[in-house]
Peer 1: 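Input: one structure, supplied below.
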Amino acid sequence: MAENDISRPADFIREVVENDIKTKKYDSRVHTRFPPEPNGYLHIGHAKSICLNFGIARDYGGLCNLRFDDTNPEKEEQEYVNSILDSVRWLGFDFGPEALYASDYFDFMYKAAGYLITAGHAYVDSQTADEMRENRGTLTSPGKDSPFRGRSEEENLRLLREMRDGSHPDGSMVVRAKIDMASPNINMRDPALYRIKHADHHRTGGKWCIYPMYTFAHPIEDAVENITHSICTLEFEDQRPFYDWLLERLAEGGLLERPLPQQIEFARLNLSHTILSKRKLIQLVQEGHVSGWDDPRMPTISGMRRRGFTPEAIRNFCDRIGVAKRESLVDIALLEYCVREDLNKRAPRAMAVLRPLKVVIDNYPEGLTEELDAVNNPEDASMGTRKVPFSRVIYIEKDDFREAPPKEFFRLAPGREVRLRYAYYITCTGVIKDEKTGEITELRCTYDPKTKGGDSPDGRKVKATLHWVSARHTVAAEVRLYGYLLIKPDPADVEEGKDFKSLLNPNSLERLQSCHVEPALASAAQGSRYQFERLGYFCVDPDTSVDQLVFNRIVTLKDTWAKIEKAKKK
RNA sequence: UGGGGCGUCGACAAACGGCAAGUCAGGAGAUUUUGGAUCUCCCAUGUGGAGGUUCGAAUCCUCCCGCCCCAGCCA
């Protein structure tokens with residue numbers, strides 16, 4: 001919201017809303033809605049719309065309805081309704097005691113169709129779908145009137161009743177608005193309003209065998225709920241003339257009261273390296289490319305939630321990307337930034353070694369365990385400290401040792417001294433390898449007892465600080481690392497003749513089975529998030545059981561060294 | 001070749017006739033017991049192009065170019 005009087009509204013939609021408040025177009029009322037079709041799970045693109053609609057309601061003291069646009073029983077399911085309810089709540093938005101459903105207005109819609117017929121604004125068409133398509137004309141040529149366009153009011157009304165009563169098979173007829181078959185806007189060439197579908201609906205069951213089209217239903221839903229600003233995406237822009245036409249006709253007939261809602265369109269979100277199309281996401285789930293809707297690689301709300309993203313981070317992201325009419329592809333790095341920004345302040349730190357390398361500290365007493373002090377969050381002193389056990393044998397990260405280090409590498413190497421976080425300075429004195437493979441299996445080191453806690457009394461500096469886990473005290477864990485779903489930034493960047501699945505990243509999931517985490521994590525609660533020092537943010541996955549801890553990597557830390565290495569390769 | 005939209009930095013995005021904001025990414029440095037975090041600085045002589053109006057144009061006008069959407073009984 002405006003921080004002071006001189007600031008402008010944050011986007012062009014809020015500009016319209018503020019203006020309508022000023023001119024009292026809706027008696028200074030603001031009422032928006034988020035209208036998902038329950039035919040899939042919500043994703044980050046929906047989050048943008050949710051934040052926009054609920055955000056506007058919040059900013060201007062208005063209301064926002066969560067309304068299911070459930071007008072097509074063939075595609076919709078209760079499972080989707082439940083997941084959507086859950087996702088919206090988790091994102092932190094309050095839609096009152098319950099959600100609303102378009103199907104609750106089916107009686108009114110039926111009545112409205114009858115009225116349109118009576119007023120000469122609609123008719124029942126018995127053309128086949130093919131005939132209708134043929135007679136619709138093309139982008140550059142006008143359509144032709146249906147031979148059934150001139151049916152009498154009585155016949156139309158009778159047919160409408162018969163349609164409702166189930167006397168006609170699917171596809172045999174349709175009710176259409178009577179507007180203008182020559183309109184340059186194809187959406188005005190007598191759009192279909194009702195179709196016959198002998199299908200059970202997840203809420204109304206077998207009550208209906210005709211169902212309203214989106215085109216017809218949506219404006220009515222908005223009007224019935226006294227919506228003021230009906231915010232949707234760009235592809236509906238061409239439908240706005242019909243939206244207004246319909247509502248005007250129904251208002252004329254006294255079925256609706258003015259002022260009528262207005263439709264405003266904005267550009268949907270596109271995110272780099274991922275898919276934001278419901279149809280394609282369904283495909284990923286159904287064809288088993290991912291483990292389910294909540295696979296942590298999915299851009300679904302449930303996937304991101306399981307991965308460990310916070311609602312705060314997602315909301316913040318939605319605020320930062322802005323709202324405009326220009327189609328764009330937002331860099332996923334911005335989402336990651338928002339996640340790090342949030343978690344840096346909130347996530348307690350811990351030490352975990354993902355790819356272990358055994359280190360024996362030769363001059364450290366055997367059998368001794370020291371409890372060392374570690375701070376839980378350097379960003380927030382109120383989060384306190386904890387004890388971390390240290391002993392003679394520890395694990396460090398494989399990546400933290402190089403036998404022949406390049407000059408930019410300042411971690412451990414033969415003869416080199418580094419700090420073990422919160423523990424001691426150690427110096428590498430020996431490298432033990434597997435005789436056959438040549439693989440490094442163990443490091444021998446010595447430590448400097450005077451550097452306990454990680455400071456050297458003589459002011460000696462080391463260039464690196466390593467995280468570690470005491471071998472004797474370690475807790476085993478599985479850690480799942482996630483890469484981008486797609487190998488290319490632009491999901492539309494597909495080769496001729498191939499589809500989006502050719503862009504799927506084969507390495508989007510890596511499961512590390514032999515990780516070591518510090519003992520404090522043994523009882524980590526499902527869903528709790530930690531920063532594993534120097535590695536990233538991690539979240540306890542629901543697959544965790546009494547005998548197996550499972551962590552998801554939410555996002556890495558910013559990694560300057562990785563950047564240097566990558567630059568060197570080129 | 002109809003109609004509806006949209007073109008400002010690598011990615012988002014402000015500007016409402018008066019000095020092209022901010023954020024992410026990228027680069028340089030400071031600092032640091034996380035190569036994290038933090039801090040400082042750099043990163044558009046120019047807004048798709050060409051004309052025009054104006055003291056003054058990203059903004060107004062004209063023409064052109066490019067991209068997206070619409071021919072479901074999907075939403």
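Residue numbers begin at 1 in each chain, while the letters A, B, ... track the order of the sequences. Computed over heavy atoms, backbone and side chain alike; hydrogens, waters and symmetry mates excluded. As the structure is a prediction and not an experimental result, all values here were calculated from the model.
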Peer 1: Given the rule in the salt bridge (Lys or Arg N to Asp or Glu O under 4.0 Å) test, do A:Lys278 and A:Glu37 qualify, once you have shown the distances and angles that lead to the verdict?
Peer 2: CA-CA 11 Å; A:Lys278 255 196 209 178; A:Glu37 184 189 13; 5.1 Å; no
Peer 1: Say we look at B:G46 and B:G7: how far apart would their C1' atoms be, to the nearest angstrom?
Peer 2: 15 Å
Peer 1: Tell whether A:Asp559 reaches the base of B:G35 with its side chain through a donor-acceptor pair below 3.5 angstrom.
Peer 2: no
Peer 1: Expressed as a whole number of angstroms, how long is the span from A:Lys558:NZ to B:G35:C1'?
Peer 2: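 To the nearest whole Å, that distance equals 10 Å.
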Peer 1: Of the listed nucleotides (B:A25, B:G35, B:C70), which one gets closest to any side-chain atom of A:Phe410?
Peer 2: B:G35
Peer 1: Please determine, for the side chain of A:Pro184, which listed nucleotide (B:U34, B:C73, B:G3) has the closest atom?
Peer 2: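 Comparing B:U34, B:C73, B:G3 against the side chain of A:Pro184, the answer is B:G3.
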Peer 1: Any chance the rings of A:Tyr243 and A:Phe236 have centres within less than 6.0 Å?
Peer 2: no
Peer 1: Classify every nucleotide of nucleotides 11-20 of chain B by which part a protein heavy atom approaches to under 4.0 Å, writing B for the base, S for the sugar-phosphate alone and - for neither, in 5'-to-3' order.
Peer 2: SSBSSB----
Peer 1: Give the nucleotide from the list B:U34, B:C74, B:C69 with an atom nearest to the side chain of A:Arg195.
Peer 2: B:C74
Peer 1: Taking the six-membered ring for Trp, are A:Phe106 and A:His201 parallel (under 30°), tilted (30 to 60°) or perpendicular (over 60°)?
Peer 2: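 Perpendicular: the ring planes of A:Phe106 and A:His201 meet at over 60°.
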Peer 1: A:Val174 has a side chain; which of B:C69, B:G35, B:C73 sits nearest to it?
Peer 2: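 In terms of side-chain proximity for A:Val174, the closest of B:C69, B:G35, B:C73 is B:C73.
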Peer 1: Within less than 4.0 Å of OP1 or OP2 of B:C74, is there a side-chain N or O belonging to A:Arg279?
Peer 2: no
Peer 1: Quickly work out the A:Ile220 CD1 to B:A75 P distance and round it to whole Å.
Peer 2: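 So the CD1-P distance, A:Ile220 to B:A75, works out to 13 Å.
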Peer 1: Where does RNA chain B form stems of at least three consecutive Watson-Crick or G-U wobble pairs, each pair having both distances below 3.5 Å?
Peer 2: B:2-7 with B:65-70, B:10-12 with B:22-24, B:26-30 with B:38-42, B:48-52 with B:60-64
Peer 1: Tell whether A:Gln531 reaches the base of B:U34 with its side chain through a donor-acceptor pair below 3.5 angstrom.
Peer 2: yes
Peer 1: On the 0 to 90° scale, with breaks at 30° and 60°, tag the A:His516-A:Tyr395 ring pair as parallel, tilted or perpendicular.
Peer 2: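 Because their plane-to-plane angle is under 30°, the rings of A:His516 and A:Tyr395 count as parallel.
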Peer 1: Ignoring hydrogens and angles, are the base of B:G36 and the side chain of A:Glu379 linked by a donor-acceptor pair under 3.5 Å?
Peer 2: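 By the distance-only test, yes, there is a pair.
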Peer 1: Using the side-chain heavy atoms of A:Lys75, tell me which of these nucleotides is nearest: B:C73, B:C74, B:C24.
Peer 2: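 Shortest atom-to-atom distance from the side chain points to B:C74.
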Peer 1: What form does the base of B:G22 take, syn (within 90° of 0) or anti?
Peer 2: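 That one's anti.
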Peer 1: Calculate, to the nearest 0.5 Å, the distance between atoms OG and CD1 belonging to A:Ser272 and A:Ile332 respectively.
Peer 2: 5.5 Å
Peer 1: For the side chain of A:Arg133 and the base of B:G72, is some donor closer than 3.5 Å to an acceptor across the two?
Peer 2: no
Peer 1: I want to verify a distance call: between B:G36, B:G35, B:G2, whose nearest atom is closest to the A:Pro378 side chain?
Peer 2: B:G36
